[in-house]
Structure formats: C-alpha cells, structure tokens
There are 2 protein chains.
Amino acid sequence: MSTPWRIGILGCGGLGKAAAALLEPKAEMRLVAVCDTQGWAHCPAGITAADVAGVAPGESIAAQPIGRRSDDPIGEMVRLGVAGEVDGFFLALPNLPSDFLPSVVRRFAEGGFQGVTVDALKRTVAVEQILALDEPIREAGMVHMTGCGATPGLLTAAAALAAQSYQTVEAVDIRFGVGIANWDAYRATVREDIAHQRGMDFEKAKAMSDSDVERFLAERSWILELHDMEHADDVMLERAGVVTRDKVKVGGLVDTKRAKKPVSTSVQVTGVTFEGKRSTHTFTLGDETSMAANVNGPAFGYLKTGLWLRGRGITGVFTSADVMPRFVR
Amino acid sequence: MSTPWRIGILGCGGLGKAAAALLEPKAEMRLVAVCDTQGWAHCPAGITAADVAGVAPGESIAAQPIGRRSDDPIGEMVRLGVAGEVDGFFLALPNLPSDFLPSVVRRFAEGGFQGVTVDALKRTVAVEQILALDEPIREAGMVHMTGCGATPGLLTAAAALAAQSYQTVEAVDIRFGVGIANWDAYRATVREDIAHQRGMDFEKAKAMSDSDVERFLAERSWILELHDMEHADDVMLERAGVVTRDKVKVGGLVDTKRAKKPVSTSVQVTGVTFEGKRSTHTFTLGDETSMAANVNGPAFGYLKTGLWLRGRGITGVFTSADVMPRFVR
C-alpha cells in the first residue's frame, strides 16, 4: 500500500460527520483537515471520526481539542491545499445561498490549489455556476468534480451508463424515497418539502406553526409527494450528450412519520435502440442504504477519480456523468 | 460538429453487422474499414450497414463490390491504423481460440498503431491476457479497452458504480437472459455458449457441424442454462478494487429459438455500508433491448472514452469497470 491520499472535509454538519465516519476505515485516504464556519483543524497524523462527531449542532470544531478558531476557516483550507498538505477536499457545506459553493471552488482555484475538490451539489443553478468555472479551474491546474452525491451523482452516472444501449434517450426519471420516523427532527427540510407542494411557497411554509405542519402532513397521510424538482441531473446529462435537460425528471415520496422508505430510490432510462425497439433500463438502490452511504461513498469514489485524472495531467471540471467513480478501499 | 472519428470493425458476423447498423446514423463516428477472415474493405467516404449486411453467413466481404481478398486481412487493418486512416477499431471477431483476440491486439501494438482498440471479450482467460499487454500497449502509445460489451461491459460498470454505496462488497451476481430467434445468425456465439455446457469444451464446440449444433440445442428445448461462467467481470472488478474475483458470479439463460428473453438481464450488488447495513442495489436491463444493442452501444461508448483518453496522452489497457463510457451521438 502506498501513502494514503490526504483528505480535507469542509463542513462538520450531518454530511461532514458521515464523511469522516466513512473515511475512518479506508486505507487509501486519511482525513487530515476539517473546517466549519468558525474554526478548523489540521492533524497530519489523522483526524478521527470521533473528533468530528464531537462537534454538537450549533457548535464548532474550534471548541474541540484539535480545533482552532479563525475568521476565515475556508481560507485556512485553501492555504493547506496550496502548501501541499492536502491532496483533495470534499465540500460538505450547505449550499446557502446557491452561489456559495461555487464561490468556494473559485477561491481554491484563485488561491493556486493544484489538487482536487469534489461537491455533492443538488441544484441545477449551482452546478451550472460550477461548470462555468471550467476554464479558470483548468488553468489553475486543478480538478473539480461536481454533482457527485446520490442524485445527482450515483443515479446520474447510472443513467449515463444505461443510455449506452440506446440510439436515442427519451426520458430519464429519477424517483427517490425518503422515510423519516420523526418529522420534527427535520423541521427545516420538511418545511422546504411543504413549500414545494401545490398552492404553497417558501413564505407560507415558513409561517406555519408546528400544529399547522402536523395538520398539513396528517391530511396527506404523512406522505409528501415531490414533482419536477430542480436537480442538476438535467444539466449534467445534457452536457454528457445523453439527453436534453427537459427530458430529465426528478421527484419522490417523503414519509414524514415512518422510517421505512415509501418507495425505493431508482432511476429509469427509456430510449429507443438502433433496431427501433423502445425499452427501459432501471437502477434501483437497496432500501437499507442510507442517504449518507449513497452520497458520501460516491463522493469519495469521484474524489479518487479526480486524483487519478490530476495525476495524469488532466484538469478542469467533471461531473458524475462524465467519469466513473473508483472504489475507495 | 467536428470531423467524425474514423472507425474500423474487424469481423462481419452478427456482431460486426449489428455494429455497422448501429454506427450508420451516428454523426460522431464513421465506419471506414472492415475485414473478415478472407478479405477487407476501406472506404474513406464511409461503408454502409448494407455493405456489411450483404455478407452472407460463410461468405466474405472480399466477394462484395467494395471488398478485396487478402491472406492477411488483419494485417491490412493494422496497416490502415498505422497509416492514420482509422482512429479506432472494434474487434468484433469471435475469440477462438481464447488467445486469438489478445494476439490481434498485440499485432496492433507491435505494428505501431497509436490509436484505440476495443473488444467485447467475455472470458476471464482472454481478458487476463489483454491486461498482461498493458505495458507494451502503453509504450506503443495505444489505448485498448477490454470487456466492453454487455457482460462484461455494461453490467460490470453498473456493478463498479453500485459498489460506491458500500464499505465492503460481498457479492456481485450477474444474471443474463438472451433470446435469439435464429441461432445461425450467431453461430460463433452459440458455439461459445455450448462450449460452457457440462462435458463440452471449446475444441469440441468448434468441431461441431451445424446439424450437431441443431441437435444439441433441440435436446435442451433450445434453451442453454449457464452457471458459474468464466466471465471476465470477476478479474475486472478485482482489478478495479471492488471485490475479489471469487465473489463475482455470472450465469443466465439463452433461448436459441425465440427472440423473447427467458429472464431479464440484471446485476445485483450486495454489500455492507459504513453504518453496517447490508443491502442490494439492482441494475436491470429492459427486455426489449437486444444483445446487439447492449453489446455494441457500450462498445462504441467505451471506444469514445478511449479516444478521449488517447487525445489527452493517456495510454494503456482499461476495462469497462475503470472508466465511464461516453454517449455516442
């Protein structure tokens, strides 16, 4: 085994904690740097999952024994990357506002980082901003992998793969199932999902009291149905030449009272073969796999691909529909 | 649209004919060269699917208006490649004996071809021989893509992709269903399947007359059941770091008289996530897609990836589990 890749994670929330837990047993990668909005840590010998798990909601890594406070923790991460202390970064930060992560990627490129960054962005508008950075990223000598979570990510790649059987792709339908046993552990997310319902918007959802939310959910048997979501699978599959973005649909069912997924998460790719036969390939995720496993696993698989490309002198922005993730041991 | 890639196909059997038909409407690729065991053709302006379809079973492209007879048609293909007349070749020849295609790939490398070759090889022993050519192929400045059909190929890639959700992969199970209305359009392939039956081997299968084959199939109600097949998915997934080869199983049902598939073709990937949950992802091909669509589509998708890699100075052998095929328009 050669020296492990030195990895940094930006963000110590749910995604960052899961990423740290997933990395811990890996021989090929070692977590050496983390940051959040108030602080950062750098331990060349390795940061444990427990170190990151110890950051309570609302707290910062700065308050941990390994942490340091900073007014610009992202700047510290860029500095570590430029100093050659970190090979690849996973951007596990919430993308609010929607140009936040693109601005972070730009900071790495402008700062002179020549390694690899990866994101698990969801929204089309954000991935489009990342794709527009292709030239500066290429010129900086950096690789950025975008849309590399579950959807977009794992399911987008499956769609690009399934498309190979067809002469023309007619439709890509992504359906996800989410089950949460206890809606009020995810108040913000559930309100966001309510905002997408017919006749609702963000203002109305935000103004709802908890009992309004309870009543709204109960009237729908606790299941929210989501249609035509703005997911970057569309622009990524269009860029990969698979299908125009209007043919890509993303929706799903969220059960706000039961942990069991109301429907399996899947992608269906319908097309016509060179012989004129219409058919549908289906990729279905096992219900027992969590969102954390389906987002973080692919993200590090794509980070490994990015490191492979970078090692061969290839730079620029790639999506999960362009290249194959590599299994990280 | 830039100039299309100039493509050569080695083989005018069922696979070669389907490949020519699939390429015809593509703007990104143009078929300019073909060969079989007795002859070859080169038309820079393009060879039509009808030209290749016109080669009757047992006949040669040499007898067609565009064809020429040769004692060494493969040598003619290598010469065209070295002369810069062809960018990429699809090796759609039956691999009998099992070191035949590896020897063809070696001829391209030793002849000084600096483009891309792709195969849809099935057997582990053959793909292993190809993988052993990595160094000479890399040094020759060539890219070879191996195991790039349906299985190995499309389903192997789906397995490598699905594996990303897991910490450890426990099993990869590939089940294929094939229906061919008319076995004698796929003489070589059916003989290869017969070679896998109990008490048979490649020598015996090769020695069978057409009526021997008919009798053999009729005795089995025209359905060949295949278990624990020696399919290169195992060595390819092992090389990609996904799972050891003993955990990869390939089997299926081939109906040699009815076009309808006796079972849907699928790959199931079972693993354990970083949270310790065991689950199974499934990728299922639509029954209406033919073997021809599921083999040739990916083969040209991987040829496009090979051309992309070669254009960026990357050479050597890659499998369908290593890289993502690119959609060919």
Side-chain angles (χ1 to χ4, degrees), chain A residues 18 21-26 28 150 153-154 157-158 160-167 169 240-243 269-271 273-275 277-290 292-294 296-302 309 312-314 320-329, chain B residues 18 21-26 28 150 153-154 157-158 160-167 169 237 240-243 269-271 273-275 277-290 292-294 296-302 312-314 320-329:
Chain A
L22 186 140
L23 275 190
E24 191 143 277
K26 303 285 191 193
E28 291 183 333
L154 186 57
L161 186 60
Q164 304 297 323
S165 295
Y166 301 111
Q167 180 77 30
V169 175
V242 170
V243 66
V269 180
T270 299
T273 68
F274 75 104
E275 304 123 317
K277 299 278 188 187
R278 177 170 290 108
S279 191
T280 300
H281 289 348
T282 307
F283 181 64
T284 308
L285 302 185
D287 285 347
E288 302 79 8
T289 58
S290 64
N294 292 326
N296 287 287
F300 287 112
Y302 280 110
L309 290 167
R312 275 146 196 83
I314 295 179
S320 52
D322 297 331
V323 291
M324 180 70 102
R326 290 172 171 243
F327 196 67
V328 183
R329 281 172 287 187
Chain B
L22 185 141
L23 276 189
E24 192 144 277
K26 303 285 190 194
E28 291 183 332
L154 186 56
L161 186 60
Q164 305 297 323
S165 294
Y166 300 112
Q167 181 76 31
V169 175
L237 290 169
V242 170
V243 66
V269 180
T270 300
T273 68
F274 76 104
E275 303 122 318
K277 299 278 188 187
R278 178 170 288 108
S279 192
T280 301
H281 289 347
T282 307
F283 181 64
T284 308
L285 303 185
D287 285 346
E288 302 78 7
T289 58
S290 63
N294 293 325
N296 287 286
F300 287 112
Y302 280 109
R312 277 146 195 84
I314 295 178
S320 52
D322 297 330
V323 291
M324 180 71 102
R326 290 172 170 241
F327 197 68
V328 183
R329 280 171 287 187

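Numbers restart at 1 for each chain; the letters A, B, ... are given by sequence-line order, proteins then strands. Given the structure is predicted, the values throughout are model-derived calculations rather than measurements.
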Could you tell me which portion of [X] (side chain, backbone, both or neither) has an atom closer than 4.5 angstrom to a non-hydrogen atom of chain B?
X	result
A:Ala150	neither
A:Phe274	side chain
A:Thr289	both
A:Leu161	both

Count the heavy-atom pairs under 4.5 Å between each of [options] and chain B, then report the option with the highest count.
options	answer
A:Ala293, A:Gly297, A:Ala18	A:Ala293
A:Pro298, A:Ala240, A:Gly301	A:Pro298
A:Val323, A:Leu309, A:Thr282	A:Thr282
A:Ala321, A:Ala163, A:Gly271, A:Gly313	A:Ala163

Minimum heavy-atom separation for [X] to [Y], with atom names?
X	Y	result
B:Asp322	A:Met324	O-CB, 3.7 Å
A:Lys277	B:Glu288	CB-O, 3.5 Å
B:Phe327	A:Val169	CZ-CG2, 4.0 Å

Please classify the contact of [X] with chain A as side chain, backbone, both or neither, using a heavy-atom distance under 4.5 Å.
X	result
B:Thr280	backbone
B:Ala299	neither
B:Glu275	side chain
B:Ala157	both
B:Asn296	neither
B:Leu285	both
B:Phe300	neither

So [Y] and [X], do their side chains get closer than 4.5 Å, heavy atoms only?
X	Y	value
B:Asn294	A:Gln164	no
A:Ser290	B:Thr273	no
B:Pro25	A:Gln167	yes

CZ of B:Arg312: more than 12 outside heavy atoms within 6.0 angstrom?
yes
Would you mind telling me which of B:Ala292, B:Ser279, B:Ala21 has the largest number of heavy-atom pairs within less than 4.5 Å of chain A?
B:Ser279
